[in-house]
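Atom set for the values below is all heavy atoms of this structure, side chains included, hydrogens, waters and symmetry mates excluded. Note on naming: letters A, B, ... go to the chains in the order of the sequence lines (proteins, then strands), and numbering restarts at 1 for each one.
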Amino acid sequence: MISHQLMLRAGFIRKLASGIYSYLPLGLAAIRKVEQIVREEMNRAGAQELLLPMVQPAELWQESGRWQKYGPELLRFTDRHQRENCLGPTHEEVITDLVRMNVHSYRELPINLYQIQTKFRDEIRPRFGLMRGREFIMKDGYSFDATDEAAGETYEKMNRAYQRIFSRCGLKFRAVEADSGTIGGSFSREFMVLADTGEDTIVVCKNCSYAANMEKARAMESPAVETPDLLPMEKIETPGKRKVKAVTEFLNISAKELVKTLVYLADGKPVAVLMRGDHEVQEVKLQNLLGALEVEMADDKQVFDVTGVPTGYLGPVSLEIKVVADLEVMKMSNFAIGANEKNFHSLNVNVGRDFEVSEFADLRMVTADDRCPSCGGGLKLTRGIEVGHIFKLGTSYSEALNATFLDNQGQEQPFVMGCYGIGVSRSVAAAIEQNHDKDGMILPMPIAPVQVVLLNLSTKDEEITQAAEGLYKECLARGVEVLMDDRDERPGVKFKDADLIGIPIRLTVGRSFSKDGVVEIRSRRTGETFTASLSETVERLKKMIDSEMVADSSINSQ
RNA sequence: CGGGGCGUAGCCCAGCCUGGUUAGCGCGCCUGCCUUGGGAGCAGGAGGUCGGAGGUUCGAAUCCUCUCGCCCCGACCA
């Protein structure tokens, strides 16, 4: 991954252990820039910063039920008093506990609290450096409202704040509908930085603003077709034909005329899933439909054990286990299925006449051939990096932890919560992923470690050195962030390093100063170069910087 | 957790298969000379528990066993 390589080469980070990195001065400076933008926008949106403990007692997690649920990525340990603890991967429990101890009346609401802190998640397989470390810097925020309606307003406020934050960071991103996952809650939205190297696939409409991740993405339903006459079911021998491709070729039908039967284990219980031959199951949708904690595809042996049929010849007719089906299957008629007998399939099968389905639902993976569910336009699959996620949590945590307040009727009510995360260290990596060339990083002005890198090309030349130092001091005095390269190195080395670390503006004092009394100003992004006299230089730097900072007023707050 | 791979100087790596001088190259580092607008050149120099433990052997970086760490692929994931 390019951002990782560049950060190592450029001295932004060094690895200490698997998924654990030290932030060096330049890397830290970029992180601080992102943090500062996050702070400003969170504060503007009415949130308040605090700092919660990283070590958390097991009791709290047992109370919420996540001590069992969270799994091995929660790093647990025992202290000298034999008390169990964990390192916080997130802070719903701690914040809910804090609020329940201190807030008791609707008149104290709403409350919106956030922190910026190092989190630890013992990832199965850390990779891509800061992109998926075990230790990472995250902003996490939590809101407490008296009613669903008020919580919805807070959620929208956070949505707007997030739009501003990522715009101000100079990132190209999309906000997408998302599955809320193990955190629970009713609705959530992910902020995805668009990059081909992203780990997540997202679906965006080419025509309207619809965007979603694969777990949530819907497609416009295919138009209803008139049901043709139902033909009599027919069993046909299909020796050795198990895969959709082999069966359809053998029967000379298209995959759209075949229904495949897949067996999943939902928390250990077998379920058959019917899917049109050319479609794929989206397991998270299945998991949500079944209300299961875990679904996994059964292996060949497990399938045989529960159905008595070898994989490849399964069908829903007289199948003993629970059967669910994708919506598209409902529209099909006279289709082919496995006959539940080795080497046989059945033709002209129909739902209702030949078998029953306990539930129809959208269970499939959307493809680029599908149409947008909100406008019917074409869809595009693209890759993204998740840098932010906002959730409407509802009352699941406040109920589990018995966090309540008295409403204006004197009734005890659970807080209506929301939670809002931003991967700070990941955002820096994502920015680099999105902004680099063959020579190195090209950092957006608002999150670059410094705005200007000043090269003194000849530290032994007194005139040049004096000019460079003068400029350096003037920059500092006038609020221009500057890093001076006065190493005793040859010019080529300094140019290469300046390119690598991606500082937006390069200011060079060298030969042209001795000759013509001018210094050189160059944009890292465009390569555009011009010269300036000493007296006008800092003013011109300021203009360039201002034009590249995303000004508050230019942000469209949607 | 399953599959594959790697640990030799600060870094990248060769040597291992087929045991046998003083363990080597490149980069980096130090000293001197030289050079100064796109990662220069010459000369000299420092730097090693060969990841760790045990074993086989006259002799182990090399063969065997165990162990630790890391990387890649997979399942998983806010």
| query | Base, sugar-phosphate, or nothing: which does Asp499(A) touch, judged by heavy atoms less than 4.0 Å apart? | reply | base
| note | Of Arg121(A) and Glu489(A), the one whose closest nucleotide on RNA chain B sits nearer the 5' end is Glu489(A)
| Looking across every strand, which nucleic acid part, if any, lies under 4.0 Å from Arg506(A) by heavy atom: base, sugar-phosphate, or nothing? | base
| query | Are the side chain of Asp97(A) and the backbone of Glu93(A) linked by a donor-acceptor contact shorter than 3.5 Å? | reply | no
| request: Apply side-chain hydrogen bond (donor to acceptor under 3.5 Å, both in side chains) to the pair Gln115(A) and Asp140(A), showing each step before the final yes or no. | output: CA-CA 6 Å; Gln115(A) 62 171 341; Asp140(A) 51 325; 3.1 Å; yes
| remark: Testing G38(B), C71(B), C76(B) for proximity to the side chain of Arg127(A), the answer is C76(B)
| field | Among G38(B), G39(B), A75(B), the nucleotide that comes nearest once only the side chain of Arg9(A) is considered | value | G39(B)
| Can you tell which of Glu283(A), Glu280(A), Met275(A) makes a side chain to side chain contact (heavy atoms under 4.5 Å, CB included) with Met365(A)? | Glu280(A)
| task | Have a look at Lys15(A) and say if it touches a base, only the backbone sugar-phosphate, or nothing, with a 4.0 Å heavy-atom cut-off. | result | sugar-phosphate
| Complementary nucleotide for G44(B) - Watson-Crick or wobble, under 3.5 Å | C30(B)
| field | Student check: side-chain heavy atoms of Gln56(A) and Trp61(A) closer than 4.5 Å | value | yes
| query | Considering only side-chain heavy atoms of Phe495(A), which listed nucleotide, G37(B), G74(B), U35(B), is closest? | reply | G37(B)
| Just checking Glu190(A): base, sugar-phosphate only, or nothing, at a heavy-atom cut-off of under 4.0 Å? | nothing
| said: Rounding to an integer number of Å, can you tell me how far Glu199(A) CD sits from A75(B) C1'? | reply: 14 Å
| Contact class for Gly421(A) vs. all strands (heavy atom < 4.0 Å): base, sugar-phosphate, or nothing? | nothing
| request: Identify whether any heavy atom of Glu520(A) sits under 4.0 Å from a base atom; if not, whether one sits that close to sugar-phosphate; answer base, sugar-phosphate or nothing. | output: base
| task | May I ask you to say what Asp497(A) touches in the nucleic acid, namely base, sugar-phosphate or nothing, with a heavy-atom cut-off under 4.0 Å? | result | base
